[in-house]
2 protein chains.
Amino acid sequence: MKSPLRLRQLEALKAVADHGSMTRAASELGITQPAVSRLLSDLGDELGFALLDRRDGRLVPSQEARYLLPDIQRILDMMARLSETSRAITEKRAGHIRIACLPGFATSHLPSVVADFLRHRPGVSVTIEPDRPERILEWMIGEDYDFGITDSFEGHPAVDSQRVDIRSVCIFPEGHWLADRETVGPSDLAGEPIIHTRRDSGFFKALSDAFLTERVALTSRIETRQFTAACELVLRGLGVSVISELDAAQYASRGLQSRPFRPRIPHQLSLVRPILKPASMITLDFIESFAASLAPFRQD
Amino acid sequence: MKSPLRLRQLEALKAVADHGSMTRAASELGITQPAVSRLLSDLGDELGFALLDRRDGRLVPSQEARYLLPDIQRILDMMARLSETSRAITEKRAGHIRIACLPGFATSHLPSVVADFLRHRPGVSVTIEPDRPERILEWMIGEDYDFGITDSFEGHPAVDSQRVDIRSVCIFPEGHWLADRETVGPSDLAGEPIIHTRRDSGFFKALSDAFLTERVALTSRIETRQFTAACELVLRGLGVSVISELDAAQYASRGLQSRPFRPRIPHQLSLVRPILKPASMITLDFIESFAASLAPFRQD
DNA sequence: ACGTTTTTATAACAGCTTGTTATGCTCCAA
DNA sequence: TTGGAGCATAACAAGCTGTTATAAAAACGT
């Protein structure tokens, strides 16, 4: 009378209601007829009313049972859906990933990686939030996001970071005389107007150090925060630039040419995630995918 | 890996997610901590991913588990609702009853019986369908309705009927000289214009037989199908009538007076239901209530 | 109406689920 | 380092869920 309803009983009732006989219901459920018989007699005892009536040879749910069947159906459907979702999660076909990244990644490299990743994972959804590096760090600490892509990261106790060095290249518009060179160094850029990142960035410091070492003056033309902006400006003939090969690759099809820059001044990316918050398997999977997508551009 | 999800496991997961500790979840569920521990370790094994993470002393559902929890919550809610509904059915507080009746009942006696019946059965709903007796019979045979109230029923193999004889009374407007009589008989109505039911009805036949036996002429004024129509006409002073006491009672407060009619010519009601279709308990309950409501008006 | 066949109910039993208690492990805080 | 809180594990009891065997009941065909 007070024992809880069991799923198996509901399944049995539905199967009999669907098939009109316990024998067929049993084979539908893949069990024997006496098992069904007892499941239903137990359920009937517990509920306190008759579940089935005989009508010209068929077993038909009683009016009381019919009243409950729609809800039973829904519960069983939802259980089936839950099972399916669980399996999808196990097989990494379902889940949600929140990614914070530099604005440049949101438009250039990340979308294609996400697209590849989602292609065979229909149940997975992704949030991409572009912002400044400081904000990305905050988000990692606050555990608002699962994964972050940033640069110039000095480390933080609450953040797990994996550093990736990306090769840098010199970019110039089509037809520029630098196209004749195998590699480009500071001495090749003497007098060339240069578009570069902000002077307080690590990347600019490394670049100007290289010029300094070779005793070449760096002709600063434009300062910008994003590599993609530099690409656009170079495309329009406003100068040349040294940027991450990753961004240069995106612009190769749009008429931007590039050559390896020497000496090597890696663009330092950091793949970060909250260290306190355990990552879901799908997140780890994605981070792995993302790291792999960077392999062709890694230095060493 | 292939064993089905069990409700108990879902309950345990939800309880731990809610309370942040297995110990508290266990007491919430009214079981011991090791039971919860194993339920969850089983579930984790079956699903193939971690369900819980430790976060500064609390157990927190993993991202994967969080993804499933809303659905789990809904399933558990629906199970609780189903249990509640089942108990309501057992206690006759839920269900649905389809009633077919003569038009007169739909407006006069039935509504108050239904209202009383539903008063303490909040989950019960009722359909009332008024129509002609022949149609009511069809509905019973077709099992479209659970219960029917009709008259002049000759019986049918597919229909279970219970006959109820209702006393008949002579009705007349307030101030009519018949108010002086204890009972009214044909001789009292000599020359009075009489409003009566259709000539082919059993009730009219019984009435005219009574007049014939006492050798009194029946002065027919208006013929109508329904007793309630007769009441309205009598109220307006168009004559007197002999009708079921049941209908007369409804009009007592509206200025219609009545006296028992002698000889007794019962109005024959039939309470019918499909014999092949098993009645729900709530239906049987209602039929009983309805029959009881007729008791004050029954003849013998 | 009768015997045959189909279907459902019951019984006895095996294995798994779900609870118990007892106890060990781990982590954190005094 | 020690104690306490909380979780995991083990061993076991009871109950659920399945089995086979068989009885009982209903449906069906002559």
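Order of the sequence lines fixes the chain letters, A, B, ..., with proteins taken first and strands second; residue numbering starts at 1 for each chain. Predicted model only: the values in this text are computed from it and were never measured. Just so it is clear, the values below take in all heavy atoms, side chains as well, and ignore hydrogens, waters and symmetry mates.
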Taking only N and O in the side chain of [X], is any of them less than 4.0 Å away from OP1 or OP2 of [N]?
X        : N       : result
Thr23(B) : dA5(D)  : no
Arg6(A)  : dT17(C) : no
Arg8(B)  : dG19(C) : yes
Ser41(A) : dA9(C)  : no
Ser37(A) : dT8(C)  : no

Between [atom2] of [N] and [atom1] of [X], the distance in whole Å:
X        : N       : atom1 : atom2 : result
Asp45(B) : dA8(D)  : CG    : P     : 11 Å
Arg58(A) : dC28(D) : CZ    : C1'   : 17 Å
Met22(B) : dC25(C) : CE    : P     : 19 Å
Leu39(A) : dT8(C)  : CG    : P     : 14 Å
Leu43(B) : dT17(C) : CG    : P     : 13 Å
Gln33(B) : dC25(C) : CD    : C1'   : 12 Å
Leu59(B) : dA5(D)  : CG    : P     : 17 Å
Asp42(A) : dT17(D) : CG    : C1'   : 10 Å

(Q) Name the residue from Leu51(A), Val36(A), Leu39(A) that meets the side-chain contact (heavy atoms from CB on, under 4.5 Å) definition with Val16(A). (A) Val36(A)
Taking only the side-chain heavy atoms of [X] (C-beta and beyond), determine which of [options] contains the nearest atom.
X        : options                  : value
Thr32(B) : dT19(D), dA8(D), dT21(C) : dT21(C)
Arg38(A) : dT20(C), dC13(C), dC7(D) : dC13(C)
Pro34(A) : dA11(C), dC7(D), dG18(D) : dA11(C)

Q) Is Glu46(A) reaching over with its side chain to a backbone N or O of Leu43(A), donor-acceptor style, under 3.5 angstrom? A) no
Q: Take the angle between the ring planes of Phe286(B) and Phe147(B) and call it parallel below 30°, perpendicular above 60°, tilted in between.
A: perpendicular
**Q.** Derivation and outcome, side-chain contact (heavy atoms from CB on, under 4.5 Å), residues Asp131(A) and Trp139(A)
**A.** CA-CA 10 Å; Asp131(A) 213 312; Trp139(A) 280 336; 3.8 Å; yes
Q.
Test side chain to side chain donor-acceptor pair (under 3.5 Å) on Ser280(A) and Thr283(A); report intermediate values, then the result.
A. CA-CA 5 Å; Ser280(A) 68; Thr283(A) 297; 2.8 Å; yes
